[in-house]
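Here is the structure we will look at, set down as structure tokens.
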Amino acid sequence: MNNKVIAVDGPAGAGKSTVAKKLSEIINFTYIDSGSMFRAITLKVIKEGIEIDDIDRIIYYANNSSIDFINNNIYLDGVNVSNEIRDSLVNAKVSHIAKIPKIREAIVIIQRRIARNKNVVVDGRDIGTTVFPHAFIKFYLTASVEERAKRRYNELVNKTQYSFEEVKNQILSRDYIDSHREASPLKQAEDAILIDTTGKNIDEVITELLYHISMNGGI
Ligand code: C5P
């Protein structure tokens, strides 16, 4: 097996998904957005009206849902939910769902299955530490909290729904839960390359990643 995994971890709003997706297109790897899987399960939990602390029912519904990727879109039970999973309500609840070890185990299995025979760029929180500890190269993207909040705020379609401060607090709260949970918390892998994206545009970050990839022997 000589397929390659490129891991891109980091906190919310660090630019992981935009950068990982574009990088995958440039180098012709498959892109796996692991956060979207946690988001899809969270969407299901919201739609089914399940309480966030009803762990058994959450696990039941997660195990009885189908999650598929087709052309970089995510399908939950056959329905394209790529836009819906970016909803603010999902943002507010996803980290609570992602804390549940059994949910994490199920999602790790899906990611490893997708990557079995493919070159992949995977973005998330625990890719370099847990899901693919032997990844070919690992990046840890970060940025100042102000900049991360600004990016998320600018992505909001309906800006009257939340203030900038609320968006910032939501990011801080997710970061806190993600980095303090027991099961595979958000943290930089020891062998990950730290990239601070503050004040940099996508192309500048991509150039940096490509430089490190080439220094690592290229692909
Ligand atoms: O990357 P994104 O913001 O879409 O991730 C949504 C949430 O899913 C994160 O805040 C985190 O709680 C969870 N997540 C995770 N592990 C991953 C990817 C995402 O716990 N590998």
Side-chain angles (χ1 to χ4, degrees), residues 5-24 31-46 52 55 58-59 62 67 69 72-74 76 81-115 120-133 135 138-143 145 147-156 162 167-189 192 197:
V5 173
I6 297 179
V8 182
D9 287 306
K16 299 181 304 294
S17 53
T18 313
V19 164
K21 189 167 175 217
K22 187 152 186 199
L23 176 68
S24 72
Y31 168 53
I32 304 178
D33 173 359
S34 66
S36 69
M37 301 184 211
F38 290 98
R39 287 173 177 274
I41 292 173
T42 305
L43 183 65
K44 179 126 182 179
V45 165
I46 293 169
I52 214 89
I55 310 273
I58 293 173
I59 293 167
I67 293 179
F69 286 98
N72 278 339
N73 282 306
I74 184 159
L76 173 68
V81 291
S82 307
N83 291 328
E84 258 184 290
I85 58 163
R86 305 281 154 204
D87 193 85
S88 309
L89 208 53
V90 175
N91 279 341
K93 297 204 168 176
V94 64
S95 290
H96 298 277
I97 305 290
K99 274 197 306 197
I100 304 169
K102 279 211 161 66
I103 299 287
R104 305 202 65 79
E105 283 164 26
I107 288 178
V108 168
I109 290 170
I110 300 176
Q111 293 175 78
R112 290 187 181 149
R113 194 184 61 218
I114 299 173
V120 290
V121 180
V122 194
D123 85 65
R125 304 291 187 287
D126 59 342
I127 310 305
T129 53
T130 306
V131 187
F132 297 109
K138 300 175 186 177
F139 295 106
Y140 189 88
L141 265 55
T142 187
V145 68
E147 176 137 348
R148 295 191 288 117
K150 214 184 296 168
R151 289 174 188 162
R152 279 288 186 266
Y153 183 71
N154 290 338
E155 274 168 19
L156 283 183
Y162 290 99
V167 171
K168 186 171 150 189
N169 287 335
Q170 215 175 44
I171 279 197
L172 286 171
S173 154
R174 265 208 294 151
D175 285 354
Y176 184 86
I177 301 171
D178 290 346
S179 51
H180 287 81
R181 67 182 176 222
E182 262 179 51
S184 50
L186 164 69
K187 81 168 189 249
Q188 185 181 342
T197 69

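Just follow the structure's listing: the first ligand is 1, and inside any ligand the first atom is 1.
- No hydrogens or angles considered: nothing links the side chains of Asn91 and Arg86 as a donor-acceptor pair under 3.5 Å.
- Using a 4.0 Å cut-off between charged nitrogen and carboxylate oxygen, Arg152 and Glu155 count as a salt-bridge pair.
- Counting only N and O atoms by type, the side chains of Ser17 and Asp123 include no donor and acceptor under 3.5 Å apart.
- Those atoms of ligand 1 that come under 4.0 Å of a heavy atom in Asp126, given as number and element, are 16 (N), 17 (C), 21 (N).
- Within the 4.5 Å cutoff, the side chain of Leu186 has heavy atoms near those of the Tyr140 side chain.
- When each atom of ligand 1 is checked for a heavy atom of Ala98 under 4.0 Å away, the hits are 12 (O), 13 (C), 20 (O).
- Between the choices Leu186, Val94, Ile171, the shortest heavy-atom distance to atom 8 (O) of ligand 1 belongs to Val94.
- Within the listing of ligand 1, atoms 17 (C), 18 (C), 21 (N) sit less than 4.0 angstrom from a heavy atom of Gly124.
- Heavy atoms of Ser95 found under 4.0 angstrom from ligand 1 belong to the backbone as well as the side chain.
- Between Asp123 and ligand 1, a contact under 3.5 Å exists for no N or O pair.
- Assignment of Arg152 to the shell around ligand 1 is supported, since a heavy atom sits closer than 4.0 Å.
- Residue Lys99 places every heavy atom at 4.0 Å or more from ligand 1.
- Taken to the nearest 0.5 Å, the NZ atom of Lys138 stands 13.0 Å off from the CD1 atom of Ile6.
- Inclusion of Lys16 in the set of residues having an N or O under 3.5 Å from an N or O of ligand 1 is not warranted.
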Phe38 and Ile97: side-chain contact (heavy atoms from CB on, under 4.5 Å), yes or no, with the steps? CA-CA 7 Å; Phe38 290 98; Ile97 305 290; 5.5 Å; no

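- Here atom 1 (O) of ligand 1 lies nearest to Arg125 when heavy atoms of Met37, Gln170, Arg125 are compared.
- Closest protein heavy atom to atom 12 (O) of ligand 1: Asp178 OD1, 2.6 Å.
- For ligand 1 and Arg86, the ligand atoms under 4.0 Å from any heavy atom of the residue are 4 (O).
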Begin with the C-alpha distance, continue with both residues' side-chain angles, and end with the deciding distance and a verdict on side-chain contact (heavy atoms from CB on, under 4.5 Å) for Ile177 and His96. CA-CA 8 Å; Ile177 301 171; His96 298 277; 3.6 Å; yes

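- For the pair Arg151 and Glu147, the salt-bridge criterion is met [side-chain N within less than 4.0 Å of a carboxylate O].
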